[in-house]
Amino acid sequence: MSRGKSDGSYKKRIVASLCVVAIFLGFLYVYNGSIFGSQNSGSSALEYGSKSLKKLGASYLGVDDDSDGKQDESSSSVVKQGDVEDDIVPKIYPVCDDRHSELIPCLDRHLIYQTRLKLDLSLMEHYERHCPPAERRFNCLIPPPPGYKIPIKWPHSRDEVWKANIPHTHLANEKSDQNWMVVKGEKIVFPGGGTHFHHGADKYIAGIANMLNFSDNNLNNEGNLRTVLDVGCGVASFGAYLLSSDIIAMSLAPNDVHQNQIQFALERGIPAYLGVLGTKRLPYPSRSFELAHCSRCRIDWIQRDGILLLELDRLLRPGGYFAYSSPEAYAQDEEDLRIWREMSALVGRMCWRIAAKRDQTVIWQKPLTNDCYMEREPGTRPPLCQSDDDPDAVWGVNMETCITPYSDHDHRAKGSELAPWPARLTSPPPRLADLGYSNEIFEKDTELWQRRVEDYWNLLGPKVSSNTVRNVMDMKANMGSFAAALKSKDIWVMNVVPQDGPNTLKIVYDRGLIGSTHDWCEAYSTYPRTYDLLHAWTVFSDLEKKDCSPEDLLIEMDRMLRPTGFIILRDKQNAIDLVKKYLTALHWEAVATAESTSDSSDQGGNEVVLVIQKKLWLTTESFRETE
């Protein structure tokens, strides 16, 4: 009896203990779900996303509700392209938490904090690319912000955007005296001002042209100045007002305290890229730009023996200019005078000369030949780079504190030998020889893509009008002939050259176009919803040779593409079949398909073209904001 009582008491204690443990574990589960669900698309994020999207998918957005309430069964697996028939394809992708509506996976400061990366903040390493490992990649769709609207069309977008699309107005308050941007009702308006050009970028640009004695105060210098790098560009009004002069600028800025400045630029329809002058070379080849520009860009140019100025020197063409508007160029206080003296001495040793100096702006010019370098005293710093240094190797390559000299050919040529714009678009550039390409190869490629682009626009047909498409990315640009074929349209193209292929990006720039190097195993350095059209020529076939997932690339393409935007895939049949399996899960719609239609000289005769349109979908929160 006594034993029986003791056993009963013992059992009660065991049951009570198990209940406490169960409650504790349940609390941990809920807590971890709330903390980590939004960080790596865990259980809470998946549940939220699938429920909200399913509700709106059938009722409001035209998405077929054929999942029969089984979204929880749609967990995706890494898909390998070689065996399409046996792959498991998700019925629908979950939606990421609304807090990630502006996620840039490789420029995510939260990832840096969570992984405790040891970075030197003084060198801006925290603004450089740091991509998540495979197990931390988001496997969900980035939602638009609440109240999102289809972007205003170009050219009106240059001057105004929907506030709901980029709901950040702190720059309007912080820069209210400089005319960066002004909030007016549901829109954000861009008067064209900047820190050093309060009265308008157009007048400032004409002033620079006047300083250089260019005819008619036109900075394009009769077509000889075409490509510009605008460092620390703000909301890119400088680049916006260059376009009317047939000048295209790569507007560059990090995701720093002026958050979303590049997002504003791209929403406006202005070419822009998220990047920083830190420790790595910028993803552009040598001798790409006729002009570099810095207007109050807040960069310490004399740090680390002038390594950042030497990176600009690498990027400038022979005889290229650096326009610098900053207090150091005119202020008389002791600190500004010290910086000016040190900077002047540095650029002097780099063989730059002052081309013009007026008011708040100084313009330096890079030499045309190696003569000045050869005349420097032995031991002068910075030194010339070693002969085995490749100035066009940029992906993940550290900057060097050395001057890139010209080749013997370039030294003798005393210039870039490029035709003025627009002739340079179709004129074979001299650097074709660096790749072993002939003029005939270049000309045939140009003609081929002219035909292909005509075919594309015939396929798009009634889906597009003259202003439907503005921001375009060519994900495998080769020599830039796809972009060249679009010259008559009011668009711009970010020409992306894969980092492991032929280094043809120098040819792209020599044609008067812009672009960047990239590895499509990683996310691109841009905000979500920034491109109207993505062109992918054999990009998925190329992934077969790499240890990375085409599913990840599809999710990345969805992140970059604006709602109602288009994708043109040109690839082998098995790659097209793979992508088709994911259309429903991604809320994409196939709008046209065709076999290769060009003549027998077309090397892509076994390729298939698939045109896709991304549907507009909203989360529950987003939909409430539109009601």
Side-chain angles (χ1 to χ4, degrees), residues 124 127 158 171-172 174-181 190-212 214 217 219-220 225 227-245 247-254 256-258 260-262 264-265 268 270-277 282 289-303 308-309 311-313 315-316 320-331 336 339-340 343-344 347 352 354-366:
M124 301 296 174
Y127 293 137
R158 188 196 74 171
L171 276 178
E174 182 182 341
K175 303 291 185 179
S176 59
D177 61 331
Q178 298 169 13
N179 280 328
W180 276 38
M181 48 192 273
F190 302 88
T195 306
H196 249 76
F197 40 91
H198 304 178
H199 302 297
D202 49 352
K203 296 180 179 63
Y204 174 72
I205 291 166
I208 293 175
N210 182 265
M211 291 173 67
L212 294 170
F214 290 169
N217 291 338
L219 193 58
N220 78 4
L225 197 156
T227 52
V228 170
L229 176 65
D230 187 17
V231 180
C233 63
V235 293
S237 289
F238 181 74
Y241 283 83
L242 285 174
L243 291 167
S244 60
S245 297
I247 298 173
I248 189 165
M250 178 68 79
S251 297
L252 179 80
D256 61 6
V257 293
H258 292 156
N260 308 96
Q261 51 192 338
I262 291 298
F264 279 118
R268 297 173 69 186
I270 302 165
Y273 183 85
L274 274 166
V276 68
L277 283 164
L282 294 176
F289 302 98
E290 276 95 17
L291 171 72
H293 172 256
C294 158
S295 172
R296 285 283 186 102
C297 56
R298 303 189 310 157
I299 292 174
D300 178 4
W301 293 107
I302 58 178
Q303 64 173 289
L308 305 185
L309 274 175
E311 174 66 357
L312 286 192
D313 184 85
L315 294 171
L316 284 174
Y321 300 99
F322 176 41
Y324 182 57
S325 297
S326 187
E328 295 85 25
Y330 65 90
D336 285 328
I339 295 172
W340 173 253
M343 193 168 176
S344 296
V347 297
W352 290 10
I354 292 180
K357 187 173 186 291
R358 182 189 301 167
D359 300 329
Q360 303 177 359
T361 301
V362 59
I363 303 174
W364 283 289
Q365 186 174 24
K366 181 180 175 179

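FYI, side chains are in, hydrogens and waters are out, and symmetry mates aren't considered; it's all heavy atoms of this structure. Remember, predicted model here, so these are calculated numbers, not experimental data.
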How many angstroms lie between atom [atom1] of [X] and atom [atom2] of [Y], to the nearest 0.5 angstrom?
| X | Y | atom1 | atom2 | result |
| --- | --- | --- | --- | --- |
| Glu328 | Gln360 | CD | CD | 11.5 Å |
| Ile205 | Ser244 | CD1 | OG | 7.0 Å |
| Leu277 | Asp300 | CG | CG | 11.5 Å |
| Lys366 | Leu315 | NZ | CG | 8.5 Å |
| Met250 | Asp230 | CE | CG | 11.5 Å |
| Lys203 | Asn217 | NZ | CG | 13.0 Å |

Can you find a heavy atom in the side chain of [X] that is under 4.5 Å from one in the side chain of [Y]?
| X | Y | result |
| --- | --- | --- |
| Gln365 | Leu212 | no |
| Leu316 | Trp352 | yes |
| Tyr273 | Leu282 | no |
| Cys233 | Ile262 | yes |
| Tyr204 | Thr361 | yes |
| Asn210 | Arg358 | yes |

Over all atoms of both residues, closest heavy-atom pair of [X] and [Y]:
| X | Y | answer |
| --- | --- | --- |
| Ser245 | Asn220 | O-ND2, 3.0 Å |
| Leu242 | Ala249 | CD1-CB, 3.9 Å |
| Phe322 | Leu291 | N-CD1, 4.4 Å |
| Leu225 | Leu219 | CB-O, 3.4 Å |
| Ser237 | Arg268 | OG-NH1, 3.1 Å |
| Ile270 | Ala236 | CD1-O, 3.7 Å |

message: Going by ring-ring contact (aromatic ring centres under 6.0 Å, His included), name the residues that satisfy it together with Phe289, two or more places apart in sequence or in a different chain.
response: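 Per chain and number, Phe289 pairs via ring-ring contact (aromatic ring centres under 6.0 Å, His included) with Tyr284, Tyr509.
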
- request: Anything under 30° is parallel, anything over 60° is perpendicular, the rest tilted; go ahead and classify Trp340 against Trp364.
  value: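 Trp340 vs Trp364 ring planes: parallel.
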
